[in-house]
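Quick notes on the structure that follows.
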2 protein chains.
Amino acid sequence: MTKPPNPQRRSQKSRDAILTAALELCGEEGYGRMTIEGIAARAGVSKKTIYRWWPSKGAVVLEALHEAADTVAPHPDTGDFAADMRTQMATVIRFLSPPSHAPLAGLVADALRDPELAEQMRERLVRPRIEAFGQRMRRAQEQGQLHPDADLDVALDLFYGPLYHRLVLHLGLPEPAYLDTLIEHVIRALDPGHGRT
Amino acid sequence: MTKPPNPQRRSQKSRDAILTAALELCGEEGYGRMTIEGIAARAGVSKKTIYRWWPSKGAVVLEALHEAADTVAPHPDTGDFAADMRTQMATVIRFLSPPSHAPLAGLVADALRDPELAEQMRERLVRPRIEAFGQRMRRAQEQGQLHPDADLDVALDLFYGPLYHRLVLHLGLPEPAYLDTLIEHVIRALDPGHGRT
DNA sequence: CGCCAACGACACGGCACGTGTCGTGGCCTT
DNA sequence: AAGGCCACGACACGTGCCGTGTCGTTGGCG
């Protein structure tokens with residue numbers, strides 16, 4: 001149909017301006033109220049240029065987040081698995097809480113209606129972070145801080161499920177003290193030997 | 001501002017037609033593509049009549065779900081807590097999976113951008129079901145199937161968190177076998193003594 | 001039975017979408 | 001150094017839905 005443009009000729013300046021403008025506007029007026037036209041205006045860019053490289057508002061925000069989030073929310077490894085999970089999950093909670101939750105929450109909302117966007121989000125944002133969690137978890141197992149038979153999928157569900165559950169049902173995200181309780185429970189759940197010998 | 005209409009004079013027929021049309025269209029073309037104008041046309045109703053009684057598409061779907069879901073997803077009590085949780089969660093999973101997930105997923109998506117709608121959803125759809133879960137859980141504690149000190153908030157997070165986590169990150173909802181594993185883990189997590197004395 | 005408000009119908013302005021067109025300018029080739 | 005290609009910014013356009021306003025009609029309450 002429409003011939004795809006040549007990426008080599010792409011203007012890096014326009015690209016950066018668009019991604020920056022998207023994140024700024026997202027914070028200022030909210031994901032839902034932000035429009036492609038608004039992003040174009042803020043970035044000093046033609047609407048056409050946005051549509052040339054991205055199929056939707058969600059795709060722009062996804063790429064902006066992908067770029068911005070590479071440095072954030074790493075899995076620390078101090079040798080204390082529970083403490084490291086506490087640190088990492090607290091960071092995630094910050095990204096899911098006001099005032100900084102707009103881009104991620106908006107993207108999640110759009111992805112619930114756009115399967116294409118959902119796949120992009122899963123593969124580019126979610127999957128790498130699951131991988132990072134998996135690596136940290138395996139180290140904890142090697143160091144004997146977590147039962148060697150603990151299941152990665154179950155661990156992922158039990159650690160991060162409560163966060164998204166509370167986000168989408170608007171039940172309020174965990175306070176630090178409650179987060180500790182949660183982590184304690186999950187680590188116990190992952191120990192099938194449950195103390196007996 | 002605009003004087004509120006008199007509920008006594010409200011046409012029950014129009015109301016029912018609107019709610020029915022909303023759920024039907026939701027299933028046929030998806031929540032996102034469904035429009036207020038489409039609902040009005042299908043219901044044989046003026047757009048004005050919808051705007052007179054509901055502030056948004058989300059509010060209509062919320063009320064439709066509220067009405068339809070009163071009978072579904074009850075918490076059975078056969079005396080076997082784990083089995084009952086399996087039954088109930090499998091029902092929830094059906095509501096979160098294609099092809100019937102459109103209304104709920106769409107509502108969740110809209111609520112992420114509309115605080116008013118989010119509050120309505122929490123109070124009218126979510127809160128009553130949390131309450132029902134709490135009652136079933138307390139009976140399990142009385143019958144010794146669950147540790148008496150088990151925390152209701154933690155239990156809610158660990159049981160249902162994985163479902164919504166997987167829904168919004170598009171990781172695929174649990175299969176029956178995996179659901180069993182999950183429930184087993186959660187019940188273990190909720191037992192703080194877990195075997196040691 | 002009479003009133004009055006909720007109703008269906010329809011038209012309206014507004015907004016953002018996504019596309020098309022055009023002239024410009026920067027980079028790559030030669 | 002000259003030429004061509006093509007992404008760019010600008011702008012205009014048709015479309016679809018929004019949310020509101022208006023106007024008879026109708027059905028239920030007092």
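These figures come from a predicted structure and were not determined experimentally. Labels below follow one simple rule: chain letters A, B, ... track the order of the sequence lines, proteins then strands, and each chain is numbered from 1.
- Between the side chains of A:Q12 and A:D16, a donor-acceptor pair is found at a separation under 3.5 Å.
- Residue pairs meeting the side chain to side chain donor-acceptor pair (under 3.5 Å) criterion with at least one member in residues 50-62 of chain B, sequence neighbours excluded, are B:W54-B:E63.
- B:R139 meets the salt bridge (charged side-chain N to carboxylate O under 4.0 Å, His left out) test with B:D77; sequence neighbours excluded.
- Listed by chain and residue number, B:D153, B:V154 satisfy the side chain to side chain contact (heavy atoms under 4.5 Å, CB included) test with B:D151 (two or more places apart in sequence, or in another chain).
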Annotated protein contacts, base or backbone, on nucleotides 22-30 of chain C with a non-hydrogen cut-off under 4.0 Å, one of B, S, - each: ----BB---

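- A heavy-atom distance below 4.0 Å to DNA chain C is reached by these residues of residues 12-37 of chain B, ordered by number: B:S14.
- Residues passing the side chain to side chain donor-acceptor pair (under 3.5 Å) test with B:H165, sequence neighbours excluded: A:D157.
- Here side chain to side chain donor-acceptor pair (under 3.5 Å) pairs that include residues 125-134 of chain A, with residues two or more places apart or in two chains, are A:E123-A:R127.
- Where the helix from C:dC1-D:dG30 to C:dT30-D:dA1 starts and where it ends, the local axes point in directions that differ by 30°; five pairs per end, rounded to 10°.
- Applying the side chain to side chain donor-acceptor pair (under 3.5 Å) test to residues at least two apart or on different chains, none of the pairs has a partner in residues 96-108 of chain A.
- Taking a 6.0 Å sphere around CD of A:E28, one finds it holds more than 12 heavy atoms contributed by other residues, nucleotides or ligands.
- At least one donor-acceptor pair under 3.5 Å links the side chain of B:H170 to the backbone N or O of A:A111.
- Contacts between residues 38-63 of chain B and DNA chain D, counted as heavy-atom distances below 4.0 Å, involve B:K47, B:K48, B:Y51.
- Taking atom CG of residue B:N6 and atom C1' of nucleotide D:dG30, one finds them 12 Å apart after rounding to whole Å.
- Residues passing the salt bridge (charged side-chain N to carboxylate O under 4.0 Å, His left out) test with B:E119, sequence neighbours excluded: none.
- Side-chain atoms of A:L107 and A:L117, non-hydrogen and from C-beta on, do get closer than 4.5 Å to each other.
- Residues passing the salt bridge (charged side-chain N to carboxylate O under 4.0 Å, His left out) test with A:R113, sequence neighbours excluded: B:D110.
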